[in-house]
Amino acid sequence: DFGHIKHMSEWDNNPPFYYYCLWVWAKIFGITEFNIRLLSVLFSSVSVCLLFSLVKKHLNLLTGVGAALLLSFHNFSYEYSHEARCYSLVVLLVLLSTICFFYFLEKRTYLSMFWLGLVNFLVVYTHYIAGLVLLFQFVLILIYKRDLIKQFSISIGVFIVFILLRFTK
């Protein structure tokens, strides 16, 4: 039951966002081993495309192709793209967080701050250790863009609001 996912995930090491996604996916496509594993394959495939796009935009085409190939054939990525585990989703969300972070650095709008906060919340709500992404983003702001600390704190505020909404009883 969708309402019990959060309660049941308290017994697991990982937060419940992946299980929410899996529940919706199973309701649409059915519960078979192939369908359940296909969600992770989809997350991995989208991750490769996002990584290619991100690297191509900020570096060049050849580096983008190389990064996409490395992610595609990396043992960790290949292994967990076939498993019904949250790791493919974590990689996807970390890439989305990185894209949102770069977009925030370019545009500095309230909408970019909101999206960055929301995606960072989803990263933490998928796997706790992936929350280090938020710490690294904050360190980068402190080192290179000190003038953006106030705007970045709005993104952190959005993150905290979502944390308080989901992790309180």
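This chain uses plain numbering: 1 for the first residue, then up along the sequence.
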Problem - Step-by-step ring pair (Phe, Tyr, Trp, His ring centres under 6.0 Å) determination, His127 to Phe17 - result: CA-CA 9 Å; His127 200 287; Phe17 184 64; over 10 Å; no
Practice task
Check whether Val65 and Val55 end up in the same hydrophobic cluster, where Ile, Leu, Val, Met, Phe, Trp and Tyr are linked by side-chain heavy atoms less than 4.5 Å apart.
Solution key: no
Practice task
Using a 4.5 Å cut-off on heavy atoms from C-beta on, say whether the side chain of Val158 contacts that of Phe121.
Solution key: no
Handout entry: Minimum heavy-atom distance Ile31-Ala26, with the two atoms named
Key = CG1-CB, 3.6 Å
Fill in the blank from the handout: Distance col, row Ser81:OG vs Leu39:CG, nearest 0.5 angstrom, shows 11.5 Å
Please tabulate, for the side chains in residues 132-148, all donor-acceptor contacts under 3.5 angstrom to protein atoms that are two or more places apart in sequence or on a different chain.
residue	atom	partner	partner atom	Å
Gln137	OE1	Asn120	ND2	3.0
Gln137	NE2	Ser97	OG	2.8
Arg146	NE	Leu142	O	3.2

Exercise for the section: Just grab all the salt bridge (charged side-chain N to carboxylate O under 4.0 Å, His left out) pairs involving residues 26-54, residues at least two apart or on different chains. Expected result: Glu33-Arg37
Handout entry: Rounded distance (nearest 0.5 Å) linking atom OG1 of Thr126 with atom OH of Tyr19
Key = 10.5 Å
Practice task
Sequence neighbours left out, what passes side-chain contact (heavy atoms from CB on, under 4.5 Å) with Leu111? Give chain and number order.
Solution key: Thr109, Trp115
Problem - Any donor-acceptor N/O pair, Thr98 side chain to Val94 backbone, under 3.5 Å - result: yes
Practice task
Taking the side chain as every heavy atom from C-beta outward, state whether Val124 and Phe159 have any atom pair closer than 4.5 Å.
Solution key: yes
Handout entry: Which atom of Arg108 lies closest to which atom of Met113, heavy atoms considered
Key = O-CE, 3.8 Å
Problem - Cluster link Leu59 to Leu61, ILVMFWY, side chain under 4.5 Å - result: no
Handout entry: For the student: nearest non-hydrogen atoms of Leu93 and Val119, plus distance
Key = O-CG1, 3.6 Å
Exercise for the section: Report yes or no: do Leu116 and Tyr103 belong to one cluster of Ile/Leu/Val/Met/Phe/Trp/Tyr joined by side chain heavy-atom distances under 4.5 Å? Expected result: no
Handout entry: Exam field: side chain Ser155 to backbone Gly117, donor-acceptor pair closer than 3.5 Å
Key = yes
Practice task
Heavy atoms only: give me the nearest Cys21-Leu89 pair and the separation to one decimal.
Solution key: SG-CD2, 4.2 Å
Handout entry: Residues forming a salt bridge (Lys or Arg N to Asp or Glu O under 4.0 Å) with Lys56, sequence neighbours excluded
Key = none
Exercise for the section: Report the distance from atom CD1 of Ile36 to atom CD of Glu83, rounding to the nearest 0.5 Å. Expected result: 13.0 Å
Extract all donor-acceptor atom pairs below 3.5 Å that involve side chains of residues 69-79 and protein atoms in other chains or at least two apart in sequence.
residue	atom	partner	partner atom	Å
Ser72	OG	Ala68	O	2.8
His74	ND1	Phe76	N	3.1
Ser77	OG	Leu71	O	3.0

Donor-acceptor pairs under 3.5 Å, side chain of residues 42-54 to any protein atom, not counting sequence neighbours: which ones?
residue	atom	partner	partner atom	Å
Ser44	OG	Ser40	O	3.2
Ser44	OG	Ser88	OG	3.0
Ser45	OG	Val41	O	2.9
Ser47	OG	Phe43	O	2.8
Ser47	OG	Leu92	N	3.3

Problem - Tyr20 and Val24: CA distance, side-chain angles, deciding distance, side-chain contact (heavy atoms from CB on, under 4.5 Å) verdict - result: CA-CA 6 Å; Tyr20 287 135; Val24 171; 5.8 Å; no
Handout entry: Trp25/Phe29 aromatic ring centres below 6.0 Å
Key = yes
